[in-house]
Amino acid sequence: MSNQKPAIPKGTRDFGPEEMSKRNYIFNTIKGVFQKHGYAQIETPAMENLDTLLGKYGEEGDKLLFKILNSGDFLNGIDPLKMQASGANATSLLLCEKGLRYDLTVPFARYVVQHRDEIKFPFRRFQIQPVWRADRPQKGRYREFYQCDADIIGSTSLLNEADLISIIDEVFGKLAVRVKIKINNRKILAGIADYIGQPDKIIDITVAIDKLDKIGMDAVMQELQLKGLEVQSIYKLEPLFAITGDNRAKLSQLRRILQNSESGIQGIEETEKLFGYMDTLAIPSETELGISLARGLNYYTGTIIEVKALDAEIGSVCGGGRYDDLTGIFGLKDVSGVGISFGADRIYDVMNNLNLFQAGSKTASKVLFANYGDKEVKYCLPLLSQLWQKDINAELYPDPVKLSKQFSYADSKNIPFMVLVGEDEMKEGFITVKNLFSGEQQKVSSVNEIIEIIGQKN
RNA sequence: GUGGUCGUAGCUCAGUUGGUUAGAGCGCCAGAUUGUGGCUCUGGAGGUCGCCGGUUCGAGCCCGGUCUUCCACCCCA
């Protein structure tokens with residue numbers, strides 16, 4: 001048999017011990033802030049029924065869903081001719097009834113509807129799990145990545161938005177990542193579509209506007225023309241991009257321009273109220289009204305939030321928004337929710353590039369017991385056990401190899417202390433403890449003395 | 001999904017217009033040093049040159065396909 005080459009699927013990654021300790025630092029930080037704000041953790045399965053997932057993320061999203069082939073004889077009852085005729089996409093729906101989740105929000109909506117009788121609203125939940133997208137990998141873009149979601153569902157209050165923004169600010173503050181929080185409102189975008197007289201083109205308009213920073217106004221207008229917008233309508237957009245000043249000034253200019261659009265005014269009022277709350281909370285992060293911010297899945301209906309890292313070129317590190325009727329499709333009407341999602345993998349990339357992870361803590365062990373052979377090991381095991389009982393991270397070298405090897409093992413793992421018990425120690429009844437950083441070495445006679453030397457803390 | 005790009009030792013990378021036996025540094029192993037690491041010195045192991053096919057007397061190098069990496073678009077965390 002030929003050797004098979006070890007490999008993992010495109011766009012997925014292994015995480016080694018060092019990466020995991022950094023990743024856990026991020027996860028624990030986010031989790032801690034979520035819990036501080038009263039959110040409770042849930043988990044949902046990696047796979048959902050395809051009909052739960054399909055149609056929630058737009059046409060593009062559906063294409064990016066990983067589908068799971070049915071078990072058993074999945075060809076049973078499938079007509080090959082029909083298969084050929086209907087094409088790959090339609091056929092996949094005959095062969096697959098499950099798919100990997102694409103985000104955490106839709107499974108959450110499903111969860112809320114399914115468990116509505118057990119849930120006390122308003123419900124604050126958080127969820128930290130991987131999601132999968134059959135996208136083509138790129139920088140900061142993976143096929144398997146973790147999202148850290150916090151949502152509050154069953155309340156329309158803008159206090160919830162303010163709460164989530166405060167969470168964003170705290171998380172990035174703790175992680176020492178400088179960010180800009182951009183805020184917009186889908187109703188303002190709808191107002192813009194109203195204003196230029198093309199309310200039916202809101203999706204095309206928002207998608208194009210979203211690229212303003214990147215490709216410039218001319219290119220945006222060109223794209224809109226391609227999408228079939230009237231030239232006249234497109235020119236009406238111009239004054240919108242000319243608004244300037246701080247957030248409040250921008251909002252009042254917008255109010256004048258969109259005065260005839262009901263949803264536009266509503267969006268402006270919501271946003272003004274939200275900025276009011278944020279002022280009261282005194283959020284230290286930079287926050288900005290960005291009417292060019294449109295990204296977001298089709299289900300957002302109100303506030304839209306996006307967070308960019310200031311010191312790194314990478315997509316957004318956190319995004320979110322309000323969705324008024326996400327649960328409606330599962331049969332639970334009139335339940336509004338708002339949520340955010342941290343992209344842990346991107347945050348990791350940013351922090352790694354900026355060297356924001358604290359050095360050290362590379363190892364778990366504080367002490368390595370040298371292994372001189374069976375007799376000595378038997379003598380050491382009770383000592384080791386006592387250290388464990390004192391919650392001190394310690395390990396015994398498993399094989400009686402020559403000492404220099406055991407020393408370099410400790411070196412490479414940054415283990416600060418070694419305990420040496422050989423023939424001499426056993427004969428005379430003492431224990432040698434060596435500090436590998438200073439090279440200092442001393443003889444002690446009890447576990448307590450060992451602890452004293454190495455210090456309690458791990 | 002469209003267009004481009006990368007792949008040589010465990011890691012980072014050299015490798016001339018196609019020419020004999022593919023190199024370096026780091027790491028690893030052994031020894032100098034039999035109960036003491038980091039430093040130094042000496043020696044050693046380790047390669048289907050991503051994979052498959054083609055051109056050629058001859059391919060790491062040229063051509064085609066494929067997989068992977070990274071990048072732009074689309075879209076997104």
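Chain letters run A, B, ... following the sequence lines, proteins first and then strands; every chain starts at 1.
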Worksheet entry | C1' gap between B:C63 and B:C74, integer Å | 32 Å

Discussion item. Let's see if you can work this out: which of B:A77, B:C75, B:C70 has an atom nearest to the side-chain heavy atoms of A:P137?
Written reply: B:C70

Worksheet item: Which part of the nucleic acid does A:G320 contact within heavy-atom distance under 4.0 Å: base, sugar-phosphate only, or nothing?
Response: nothing

Discussion item. Looking only at side-chain N and O atoms, does A:E270 offer a donor or acceptor that is under 3.5 Å from a partner on A:N185?
Written reply: yes

Practice prompt. May I ask you to say what A:G140 touches in the nucleic acid, namely base, sugar-phosphate or nothing, with a heavy-atom cut-off under 4.0 Å?
Written response: base

Item to complete: Using the six-membered ring of A:F145, assess whether NZ or CZ of A:R346 lies under 6.0 Å from its centre and within 45 degrees of the ring axis.
Response: no

Item to complete: Apply side-chain hydrogen bond (donor to acceptor under 3.5 Å, both in side chains) to A:K402 and list each qualifying residue two or more places apart in sequence or on a separate chain.
Response: none

Item to complete: Using a strict cut-off of less than 4.0 Å between a Lys/Arg side-chain nitrogen and an Asp/Glu carboxylate oxygen, indicate whether A:E48 and A:K98 qualify as a salt bridge.
Response: no

Practice prompt. Rounded off to whole Å, could you give me the CD-to-P distance for the A:E223 and B:C74 pair?
Written response: 7 Å

Worksheet, complete the sentence: From CG of A:L104 across to C1' of B:C76 the rounded distance in Å is 14 Å

Worksheet item: Distance under 6.0 Å and angle within 45° of the ring axis: does A:R124 meet both against A:Y39?
Response: yes

Worksheet item: What is the distance from CD of A:E60 to C1' of B:A77, rounded to the nearest Å?
Response: 16 Å

Item to complete: Using the C1' atoms only, state how far B:U5 lies from B:A9, rounded to an integer number of Å.
Response: 24 Å

Discussion item. I need the CZ-P distance between A:R141 and B:G1, as an integer number of Å.
Written reply: 14 Å

Worksheet entry | d(CG, A:L226; P, B:C74) in whole Å | 12 Å

Practice prompt. For A:V207, answer base if it contacts any base atom (sugar-phosphate contacts may also be present), sugar-phosphate if it contacts only those atoms, and nothing otherwise; contact means non-hydrogen atoms under 4.0 Å.
Written response: sugar-phosphate

Discussion item. Is it the case that the base of B:U2 and the side chain of A:R136 share a donor-acceptor contact (distance under 3.5 Å, atom types as modelled)?
Written reply: yes

Discussion item. Looking only at the side chains, is there a donor atom on one of A:Y409 and A:E395 sitting less than 3.5 Å from an acceptor on the other?
Written reply: yes

Worksheet item: Is any side-chain heavy atom of A:I26 less than 4.5 Å from a side-chain heavy atom of A:Y146?
Response: no

Worksheet, complete the sentence: The answer to which of A:P9 and A:K63 contacts RNA chain B further toward the 5' end, by nearest nucleotide, is A:K63

Discussion item. Counting the atoms with a prime plus P, OP1 and OP2 as sugar-phosphate, which does A:Q138 contact under 4.0 Å by heavy atoms, base, sugar-phosphate, or nothing?
Written reply: base

Worksheet item: To the nearest angstrom, how far is A:I26 atom CD1 from B:A77 atom P?
Response: 18 Å

Worksheet entry | Secondary-structure string, 5' to 3', Watson-Crick or G-U under 3.5 Å, | for another-strand partners, for RNA chain B | ((((..(..((((.....[...)))).(((((.......))))).....(((((..]....))))))..))))....

Item to complete: In whole angstrom, give me the gap between the C1' atoms of B:U68 and B:U40.
Response: 41 Å

Fill in: Whole angstrom value for the distance that separates C1' of B:A77 from CG of A:D151
14 Å

Discussion item. Determine whether a donor-acceptor pair (N or O, by modelled atom type, separation under 3.5 Å) exists between the side chain of A:N70 and the backbone of A:L95.
Written reply: yes

Discussion item. Under the criterion ring pair (Phe, Tyr, Trp, His ring centres under 6.0 Å), I'd like the reasoning laid out for A:Y397 against A:F369: C-alpha separation, chi angles, the key distance, then a yes or no.
Written reply: CA-CA 6 Å; A:Y397 198 91; A:F369 282 74; over 10 Å; no

Discussion item. Measuring only the P atom in each nucleotide, how far is B:C13 from B:C75? A whole number of Å is fine.
Written reply: 34 Å

Discussion item. Looking at B:U68, I'd like to know if its phosphate oxygens (OP1 or OP2) sit under 4.0 Å from a side-chain N or O belonging to A:K10.
Written reply: yes

Worksheet item: Is it true that A:F34 and A:F126 have ring centroids separated by less than 6.0 Å?
Response: yes

Discussion item. Roughly how many Å apart are B:U48 and B:U2, using the C1' atom of each and rounding to a whole number?
Written reply: 34 Å

Worksheet item: Expressed as a whole number of Å, how far does the C1' atom of B:G27 sit from that of B:C11?
Response: 7 Å

Practice prompt. Take atom C1' in B:G23 and the same atom in B:G47, then report the distance between them in whole Å.
Written response: 11 Å

Fill in: C1' gap between B:G10 and B:U55, integer Å
35 Å

Worksheet entry | Face-on cation placement of A:R133 at A:Y102 ring, 6.0 Å and 45° thresholds | yes

Worksheet, complete the sentence: note: A:L164, atom CG; B:A77, atom C1'; distance rounded to Å ~ 16 Å

Worksheet, complete the sentence: Which of B:U2, B:C75, B:A77 is nearest the side chain of A:Y142? It is B:A77

Worksheet entry | Per-nucleotide protein contact string for nucleotides 33-38 of chain B (B base, S sugar-phosphate only, - none; heavy atom under 4.0 Å) | --BBBB

